[in-house]
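Following: one structure in C-alpha coordinates, then a few remarks.
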Amino acid sequence: MITTLENYNLLHSNTFRLNINCARWISYTSESDLYDISEKLDRHNFFSIGEGSNILFTGDYSGTILHSEILDMEMSIDANGDMFIIAGAGLKMDDIVYHTCLAGRWGMENLSHIPGEVGASVVQNVGAYGTEIKDLVDEVRCFDLQDNKFVTLKNKDCRFSYRNSLFKEQKGRYIVTKVKYKFAKEREANLEYGNLKDHLRDADSLTPMLVRDTIIAIRDEKLPRVEEIGSAGSFFKNPIISKKELENIQKIMGFENVRQIPHYEINHNEIKIPAAWLIDKCGFKGKRFGNVSVWEKQPLVIVNLTGKATPEEIIDVENKIIKEVVDKFGITLSPEVEHI
(Lines give C-alpha, C1' and ligand atoms only; values in the text may rest on other atoms or scores of the structure.)
Protein backbone atom coordinates (compact mmCIF):
# COMPACT_ATOMS: atom_id res chain seq x y z
CA MET A 1 0.00 0.00 0.00
CA ILE A 2 1.24 3.47 -0.92
CA THR A 3 0.48 6.54 1.17
CA THR A 4 1.18 10.00 -0.26
CA LEU A 5 1.02 13.20 1.78
CA GLU A 6 1.69 16.71 0.49
CA ASN A 7 3.62 19.40 2.43
CA TYR A 8 4.43 16.88 5.16
CA ASN A 9 5.92 18.01 8.46
CA LEU A 10 9.11 16.13 9.37
CA LEU A 11 9.29 17.07 13.05
CA HIS A 12 8.79 13.46 14.13
CA SER A 13 10.73 11.99 11.21
CA ASN A 14 14.18 13.30 12.12
CA THR A 15 15.88 12.66 15.46
CA PHE A 16 17.24 16.21 15.60
CA ARG A 17 13.56 17.17 16.03
CA LEU A 18 13.81 20.01 13.52
CA ASN A 19 10.48 21.58 12.61
CA ILE A 20 10.78 21.48 8.83
CA ASN A 21 8.64 20.20 5.93
CA CYS A 22 9.05 18.22 2.73
CA ALA A 23 7.03 18.85 -0.41
CA ARG A 24 5.84 15.24 -0.55
CA TRP A 25 6.00 12.19 1.71
CA ILE A 26 5.51 8.70 0.28
CA SER A 27 5.46 5.56 2.42
CA TYR A 28 5.02 2.02 1.10
CA THR A 29 4.44 -1.40 2.62
CA SER A 30 5.59 -3.82 -0.09
CA GLU A 31 8.37 -4.17 -2.64
CA SER A 32 5.91 -4.18 -5.53
CA ASP A 33 4.83 -0.64 -4.60
CA LEU A 34 8.17 0.62 -5.88
CA TYR A 35 7.23 -0.07 -9.50
CA ASP A 36 4.35 2.41 -9.22
CA ILE A 37 6.35 4.89 -7.18
CA SER A 38 9.27 4.88 -9.63
CA GLU A 39 6.99 5.87 -12.51
CA LYS A 40 5.98 9.11 -10.76
CA LEU A 41 9.20 9.89 -8.90
CA ASP A 42 11.43 12.82 -9.81
CA ARG A 43 14.71 10.88 -9.90
CA HIS A 44 16.69 14.06 -9.21
CA ASN A 45 14.73 15.30 -6.22
CA PHE A 46 14.00 12.58 -3.68
CA PHE A 47 15.56 11.02 -0.61
CA SER A 48 14.95 7.68 1.11
CA ILE A 49 14.71 8.03 4.86
CA GLY A 50 14.76 5.58 7.75
CA GLU A 51 14.18 6.84 11.27
CA GLY A 52 15.97 10.07 10.37
CA SER A 53 18.65 9.33 12.94
CA ASN A 54 21.81 10.14 11.01
CA ILE A 55 20.74 13.13 8.95
CA LEU A 56 20.56 16.88 9.25
CA PHE A 57 17.96 18.63 7.16
CA THR A 58 19.47 21.98 6.21
CA GLY A 59 15.99 23.46 5.64
CA ASP A 60 12.65 22.53 4.12
CA TYR A 61 13.07 19.76 1.54
CA SER A 62 11.68 20.67 -1.89
CA GLY A 63 11.35 17.09 -3.14
CA THR A 64 9.91 13.73 -2.12
CA ILE A 65 10.83 11.78 1.00
CA LEU A 66 10.42 8.00 0.66
CA HIS A 67 9.92 5.83 3.73
CA SER A 68 9.81 2.03 3.77
CA GLU A 69 7.24 0.31 5.94
CA ILE A 70 8.32 -3.17 4.86
CA LEU A 71 8.28 -4.85 8.27
CA ASP A 72 8.54 -8.60 7.68
CA MET A 73 11.28 -10.74 9.23
CA GLU A 74 12.34 -14.36 8.67
CA MET A 75 14.80 -16.43 10.72
CA SER A 76 16.34 -19.74 9.65
CA ILE A 77 19.26 -22.07 10.44
CA ASP A 78 21.07 -24.01 7.74
CA ALA A 79 22.64 -27.48 7.86
CA ASN A 80 25.93 -26.02 9.15
CA GLY A 81 24.19 -24.41 12.11
CA ASP A 82 24.59 -20.87 10.77
CA MET A 83 21.62 -18.59 11.43
CA PHE A 84 20.17 -16.20 8.87
CA ILE A 85 17.74 -13.31 9.26
CA ILE A 86 15.98 -11.56 6.39
CA ALA A 87 14.61 -8.23 7.62
CA GLY A 88 12.44 -5.59 5.97
CA ALA A 89 14.05 -2.17 5.52
CA GLY A 90 11.45 -0.45 7.72
CA LEU A 91 12.16 -2.50 10.85
CA LYS A 92 14.03 -0.85 13.71
CA MET A 93 17.64 -2.01 13.69
CA ASP A 94 17.69 -2.45 17.45
CA ASP A 95 14.77 -4.89 17.26
CA ILE A 96 16.91 -7.13 15.04
CA VAL A 97 19.78 -6.85 17.51
CA TYR A 98 17.45 -7.85 20.35
CA HIS A 99 16.16 -10.93 18.51
CA THR A 100 19.67 -12.15 17.70
CA CYS A 101 20.71 -11.76 21.33
CA LEU A 102 17.56 -13.54 22.45
CA ALA A 103 18.49 -16.39 20.11
CA GLY A 104 21.95 -16.52 21.75
CA ARG A 105 23.84 -15.65 18.57
CA TRP A 106 26.97 -13.51 18.65
CA GLY A 107 27.58 -10.68 16.21
CA MET A 108 25.13 -7.80 16.59
CA GLU A 109 25.23 -7.20 20.35
CA ASN A 110 27.81 -4.40 20.02
CA LEU A 111 25.36 -2.47 17.83
CA SER A 112 22.73 -2.36 20.58
CA HIS A 113 20.64 0.75 21.08
CA ILE A 114 21.72 2.54 17.91
CA PRO A 115 18.72 4.49 16.56
CA GLY A 116 17.70 3.82 12.99
CA GLU A 117 16.08 1.33 10.65
CA VAL A 118 17.41 -1.69 8.79
CA GLY A 119 17.59 -0.11 5.34
CA ALA A 120 19.40 3.03 6.47
CA SER A 121 21.85 1.02 8.58
CA VAL A 122 23.43 -0.63 5.52
CA VAL A 123 23.52 2.63 3.59
CA GLN A 124 25.51 4.19 6.43
CA ASN A 125 27.35 0.99 7.43
CA VAL A 126 26.64 1.82 11.06
CA GLY A 127 29.13 0.74 13.65
CA ALA A 128 29.95 0.79 17.36
CA TYR A 129 32.31 -0.92 19.81
CA GLY A 130 34.47 -2.44 17.10
CA THR A 131 31.61 -3.90 15.04
CA GLU A 132 30.12 -2.63 11.77
CA ILE A 133 26.95 -3.81 10.08
CA LYS A 134 29.07 -5.00 7.14
CA ASP A 135 30.40 -7.74 9.43
CA LEU A 136 26.93 -9.33 9.50
CA VAL A 137 25.42 -8.56 6.09
CA ASP A 138 25.15 -11.47 3.67
CA GLU A 139 22.99 -9.88 0.97
CA VAL A 140 21.06 -6.67 0.34
CA ARG A 141 17.93 -6.67 -1.81
CA CYS A 142 17.07 -3.36 -3.40
CA PHE A 143 15.20 -1.70 -6.23
CA ASP A 144 17.53 -0.36 -8.92
CA LEU A 145 15.96 2.85 -10.22
CA GLN A 146 18.44 3.03 -13.10
CA ASP A 147 17.44 -0.36 -14.55
CA ASN A 148 13.93 -0.36 -13.03
CA LYS A 149 14.27 -3.82 -11.48
CA PHE A 150 15.05 -5.58 -8.21
CA VAL A 151 18.60 -6.75 -7.61
CA THR A 152 20.29 -8.72 -4.83
CA LEU A 153 23.80 -7.57 -3.96
CA LYS A 154 26.26 -9.76 -2.08
CA ASN A 155 28.30 -8.23 0.72
CA LYS A 156 31.36 -7.66 -1.47
CA ASP A 157 29.23 -5.83 -4.05
CA CYS A 158 28.06 -3.29 -1.47
CA ARG A 159 31.52 -1.65 -1.22
CA PHE A 160 31.28 -1.22 2.52
CA SER A 161 33.86 1.01 4.19
CA TYR A 162 33.97 3.28 7.22
CA ARG A 163 30.49 4.88 7.36
CA ASN A 164 30.14 4.38 3.64
CA SER A 165 28.72 2.00 1.03
CA LEU A 166 27.76 1.64 -2.61
CA PHE A 167 24.35 3.05 -1.69
CA LYS A 168 25.93 6.33 -0.61
CA GLU A 169 28.41 6.42 -3.48
CA GLN A 170 25.62 5.97 -6.05
CA LYS A 171 23.06 8.06 -4.22
CA GLY A 172 19.58 7.91 -5.72
CA ARG A 173 20.08 4.69 -7.65
CA TYR A 174 19.22 1.98 -5.12
CA ILE A 175 16.34 1.74 -2.66
CA VAL A 176 17.05 -0.91 -0.02
CA THR A 177 14.03 -3.14 0.66
CA LYS A 178 15.42 -6.11 2.62
CA VAL A 179 18.68 -7.15 4.27
CA LYS A 180 19.88 -10.70 4.84
CA TYR A 181 22.23 -11.23 7.78
CA LYS A 182 24.43 -14.23 8.54
CA PHE A 183 25.36 -15.33 12.06
CA ALA A 184 28.03 -18.00 11.86
CA LYS A 185 27.73 -20.76 14.44
CA GLU A 186 31.36 -20.34 15.54
CA ARG A 187 31.22 -16.52 15.93
CA GLU A 188 32.41 -15.24 19.32
CA ALA A 189 32.07 -12.08 21.40
CA ASN A 190 34.02 -8.98 20.36
CA LEU A 191 35.11 -7.21 23.55
CA GLU A 192 38.25 -5.48 22.32
CA TYR A 193 36.85 -1.97 21.94
CA GLY A 194 37.38 0.61 24.66
CA ASN A 195 36.70 -0.55 28.20
CA LEU A 196 33.98 -3.05 27.31
CA LYS A 197 36.06 -5.95 28.62
CA ASP A 198 36.50 -4.16 31.96
CA HIS A 199 32.75 -3.77 32.38
CA LEU A 200 32.30 -7.52 31.89
CA ARG A 201 35.29 -8.72 33.91
CA ASP A 202 33.22 -9.99 36.84
CA ALA A 203 30.57 -11.76 34.75
CA ASP A 204 30.14 -15.45 35.59
CA SER A 205 29.39 -16.27 31.97
CA LEU A 206 29.08 -14.23 28.81
CA THR A 207 25.94 -14.18 26.68
CA PRO A 208 24.97 -11.88 23.81
CA MET A 209 22.13 -10.49 25.94
CA LEU A 210 24.50 -9.65 28.80
CA VAL A 211 26.82 -7.79 26.43
CA ARG A 212 23.81 -6.01 24.93
CA ASP A 213 22.57 -4.90 28.36
CA THR A 214 26.07 -3.72 29.27
CA ILE A 215 26.43 -1.67 26.10
CA ILE A 216 23.00 -0.10 26.59
CA ALA A 217 24.01 0.91 30.13
CA ILE A 218 27.30 2.40 28.86
CA ARG A 219 25.54 4.33 26.09
CA ASP A 220 22.92 5.67 28.50
CA GLU A 221 25.71 6.97 30.75
CA LYS A 222 27.18 9.21 28.08
CA LEU A 223 24.67 9.65 25.24
CA PRO A 224 21.29 11.40 25.23
CA ARG A 225 18.30 9.33 24.15
CA VAL A 226 17.01 10.78 20.89
CA GLU A 227 13.41 10.41 22.05
CA GLU A 228 14.22 12.78 24.92
CA ILE A 229 16.74 15.25 23.44
CA GLY A 230 17.09 15.86 19.72
CA SER A 231 20.39 14.78 18.17
CA ALA A 232 21.76 12.67 15.35
CA GLY A 233 24.13 10.65 17.51
CA SER A 234 27.82 10.91 16.66
CA PHE A 235 28.10 14.00 14.48
CA PHE A 236 31.67 13.61 13.17
CA LYS A 237 33.70 10.73 11.82
CA ASN A 238 36.85 9.72 13.66
CA PRO A 239 39.63 11.11 11.46
CA ILE A 240 42.37 8.97 9.95
CA ILE A 241 45.76 10.63 10.35
CA SER A 242 49.42 9.80 9.76
CA LYS A 243 52.05 9.00 12.37
CA LYS A 244 53.62 12.37 11.67
CA GLU A 245 50.34 14.11 12.44
CA LEU A 246 50.03 12.09 15.64
CA GLU A 247 53.50 13.20 16.70
CA ASN A 248 52.52 16.79 15.91
CA ILE A 249 49.52 16.49 18.26
CA GLN A 250 51.89 15.18 20.93
CA LYS A 251 54.01 18.33 20.59
CA ILE A 252 50.97 20.63 20.63
CA MET A 253 49.69 19.03 23.83
CA GLY A 254 53.14 18.91 25.43
CA PHE A 255 52.91 15.16 26.05
CA GLU A 256 55.98 13.01 26.69
CA ASN A 257 54.87 10.33 24.20
CA VAL A 258 52.02 9.49 21.83
CA ARG A 259 50.64 6.87 24.24
CA GLN A 260 49.02 9.75 26.10
CA ILE A 261 46.81 10.33 23.05
CA PRO A 262 43.93 7.90 22.51
CA HIS A 263 44.40 6.33 19.09
CA TYR A 264 44.18 3.10 17.12
CA GLU A 265 46.76 2.00 14.55
CA ILE A 266 45.09 0.83 11.35
CA ASN A 267 48.34 0.01 9.57
CA HIS A 268 52.00 1.14 9.59
CA ASN A 269 51.14 4.76 8.74
CA GLU A 270 47.42 5.24 9.33
CA ILE A 271 46.06 6.16 12.73
CA LYS A 272 42.44 6.56 13.79
CA ILE A 273 41.99 9.15 16.52
CA PRO A 274 38.73 9.90 18.38
CA ALA A 275 37.06 13.06 17.09
CA ALA A 276 35.49 13.38 20.55
CA TRP A 277 38.95 13.77 22.13
CA LEU A 278 39.96 16.49 19.67
CA ILE A 279 36.70 18.36 20.22
CA ASP A 280 37.04 18.06 23.98
CA LYS A 281 40.59 19.44 23.92
CA CYS A 282 39.24 22.46 22.03
CA GLY A 283 36.94 23.22 24.96
CA PHE A 284 33.56 22.40 23.40
CA LYS A 285 32.34 19.77 25.84
CA GLY A 286 29.08 20.99 27.42
CA LYS A 287 29.30 24.37 25.68
CA ARG A 288 25.99 25.99 24.76
CA PHE A 289 25.21 28.16 21.76
CA GLY A 290 21.63 29.40 22.10
CA ASN A 291 19.27 26.50 21.35
CA VAL A 292 22.17 24.17 20.53
CA SER A 293 24.71 22.51 22.80
CA VAL A 294 27.64 20.12 22.61
CA TRP A 295 26.61 17.26 24.87
CA GLU A 296 28.17 17.52 28.31
CA LYS A 297 29.04 13.83 28.55
CA GLN A 298 30.10 13.17 24.95
CA PRO A 299 31.44 16.04 22.81
CA LEU A 300 30.93 14.06 19.61
CA VAL A 301 27.20 14.74 19.95
CA ILE A 302 25.51 18.04 19.06
CA VAL A 303 22.03 18.40 20.58
CA ASN A 304 18.90 20.44 19.98
CA LEU A 305 18.90 21.40 23.65
CA THR A 306 15.68 23.43 23.77
CA GLY A 307 13.81 21.64 20.99
CA LYS A 308 13.64 24.94 19.11
CA ALA A 309 16.91 24.83 17.18
CA THR A 310 16.97 25.64 13.48
CA PRO A 311 19.18 23.88 10.92
CA GLU A 312 21.23 27.07 10.62
CA GLU A 313 22.03 27.06 14.35
CA ILE A 314 23.26 23.45 14.24
CA ILE A 315 25.36 24.09 11.14
CA ASP A 316 26.88 27.15 12.83
CA VAL A 317 28.03 25.01 15.79
CA GLU A 318 29.32 22.35 13.37
CA ASN A 319 31.42 24.96 11.57
CA LYS A 320 32.75 26.39 14.84
CA ILE A 321 33.95 22.93 15.91
CA ILE A 322 35.58 22.20 12.55
CA LYS A 323 37.40 25.57 12.57
CA GLU A 324 38.71 25.21 16.12
CA VAL A 325 40.00 21.68 15.56
CA VAL A 326 41.77 22.81 12.38
CA ASP A 327 43.26 25.83 14.14
CA LYS A 328 44.51 23.82 17.11
CA PHE A 329 45.53 20.50 15.55
CA GLY A 330 45.58 21.02 11.78
CA ILE A 331 43.02 18.25 11.32
CA THR A 332 39.78 18.72 9.40
CA LEU A 333 36.82 16.82 10.83
CA SER A 334 34.24 15.38 8.43
CA PRO A 335 30.60 15.03 9.47
CA GLU A 336 29.23 11.53 9.84
CA VAL A 337 25.74 13.02 9.75
CA GLU A 338 24.42 13.38 6.20
CA HIS A 339 23.27 16.88 5.26
CA ILE A 340 20.06 16.98 3.22
Side-chain angles (χ1 to χ4, degrees), residues 5 7-23 25 27 47-63 65-68 90-95 97 111-121 123-124 126-128 163 215-238 275-276 279-280 284-322 333-340:
L5 299 170
N7 194 31
Y8 184 76
N9 186 268
L10 295 168
L11 178 63
H12 299 294
S13 300
N14 73 100
T15 59
F16 254 127
R17 301 292 180 261
L18 298 175
N19 189 16
I20 42 92
N21 295 336
C22 64
W25 170 276
S27 62
F47 184 74
S48 289
I49 198 173
E51 196 175 0
S53 57
N54 199 57
I55 58 176
L56 170 61
F57 282 101
T58 58
D60 288 339
Y61 188 71
S62 63
I65 297 291
L66 296 182
H67 181 251
S68 171
L91 286 168
K92 287 185 180 296
M93 187 65 223
D94 196 50
D95 289 346
V97 179
L111 303 178
S112 292
H113 219 46
I114 297 177
E117 296 178 358
V118 165
S121 71
V123 174
Q124 178 69 8
V126 298
R163 302 300 178 265
I215 285 175
I216 290 174
I218 294 171
R219 289 178 66 90
D220 282 345
E221 283 179 6
K222 63 181 182 179
L223 298 174
R225 293 204 172 201
V226 293
E227 55 269 29
E228 297 172 2
I229 299 177
S231 81
S234 299
F235 198 95
F236 296 99
K237 297 177 184 177
N238 292 324
I279 296 167
D280 187 18
F284 281 100
K285 191 174 184 179
K287 199 168 183 178
R288 180 171 176 176
F289 304 86
N291 294 308
V292 180
S293 177
V294 178
W295 189 238
E296 60 187 1
K297 296 179 180 179
Q298 170 51 275
L300 198 56
V301 178
I302 298 173
V303 299
N304 179 357
L305 190 64
T306 65
K308 299 177 181 179
T310 64
E312 291 80 10
E313 288 178 288
I314 294 170
I315 292 169
D316 183 57
V317 174
E318 172 191 359
N319 290 334
K320 280 182 168 66
I321 291 172
I322 291 173
L333 296 180
S334 299
E336 178 177 325
V337 172
E338 186 169 3
H339 294 50
I340 307 302

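- Nearest heavy atoms, P311 versus I20: CG-CG2, 4.3 Å.
- Shown here for L111 and A128, the closest heavy-atom pair between the two residues is CD2-N, 3.6 Å.
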Would you mind writing out the side-chain donor-acceptor pairs for residues 227-237 within the sub-3.5 Å range, not counting sequence neighbours?
| from | atom 1 | to | atom 2 | distance (Å) |
| --- | --- | --- | --- | --- |
| S231 | OG | G233 | N | 3.3 |

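- For the pair H339/I314, no side-chain contact is recorded, criterion being any heavy-atom separation below 4.5 Å from C-beta on.
- The two residues W25 and S27 come nearest to each other via the heavy atoms NE1-CB, 3.8 Å.
- Rounded to the nearest 0.5 Å, atoms OG (S112) and CE (M93) are 9.5 Å apart.
- Rounded to the nearest 0.5 angstrom, L223 CG and K297 NZ are separated by 10.0 Å.
- By the salt bridge (Lys or Arg N to Asp or Glu O under 4.0 Å) test, K92 pairs with E51, sequence neighbours left out.
- A heavy-atom distance below 4.5 Å is found between the side chains of V301 and P224.
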Report task. Apply the test side-chain contact (heavy atoms from CB on, under 4.5 Å) to residues I340 and N14: give CA-CA distance (whole Å), side-chain angles for both, the deciding distance (0.1 Å), then the verdict. Result -> CA-CA 11 Å; I340 307 302; N14 73 100; over 6 Å; no
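- Contact annotation: the side chain of V337 never approaches that of I302 to less than 4.5 Å [non-hydrogen atoms, C-beta and beyond].
- Residues G50 and A120 come closest through the heavy atom pair CA-CB, 4.3 Å.
- Side-chain N or O atoms of Q298 include one that pairs as donor or acceptor with a backbone N or O of L300 at under 3.5 Å.
- With contacts defined as side-chain heavy-atom distances shorter than 4.5 Å, the pair N9/N19 qualifies.
- Screening L56, V226, N54, I55 against T15 for a side chain to side chain contact (heavy atoms under 4.5 Å, CB included) leaves a single residue, V226.
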Query - CA sep, side-chain torsions, deciding dist, call: I49, F57, side-chain contact (heavy atoms from CB on, under 4.5 Å) - result: CA-CA 11 Å; I49 198 173; F57 282 101; 4.1 Å; yes
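- Using modelled atom types and a 3.5 Å distance limit, the side chains of N291 and N304 yield no donor-acceptor pair.
- Put simply, the side chain of N238 gets close to the backbone of A275: a donor and an acceptor are under 3.5 Å apart.
- What you find for P115 and S53 is that their closest heavy atoms are O-OG, 3.2 Å.
- With hydrogens and angles disregarded, a donor-acceptor distance shorter than 3.5 Å links the side chain of D60 to the backbone of N21.
- Between E313 and K308 there is no side-chain heavy-atom pair separated by less than 4.5 Å.
- One distance of note links OG of S121 with CG of D94; it measures 11.5 Å at 0.5 Å rounding.
- With a 4.5 Å cut-off on side-chain heavy atoms, L10 and L18 do not count as touching.
- Side-chain contact between Q124 and R163 is present, with heavy atoms from C-beta onward closer than 4.5 Å.
- Side chains of H67 and S13 form no contact here, defined as non-hydrogen atoms less than 4.5 Å apart.
- Nearest approach of D280 to P299, heavy atoms of both residues: CB-CG, 3.9 Å.
- Listed for the R17 side chain is no donor-acceptor partner under 3.5 Å among the backbone atoms of A309.
- Contacts of H113 classified as ring-ring contact (aromatic ring centres under 6.0 Å, His included), with partners at least two apart in sequence or in another chain: none.
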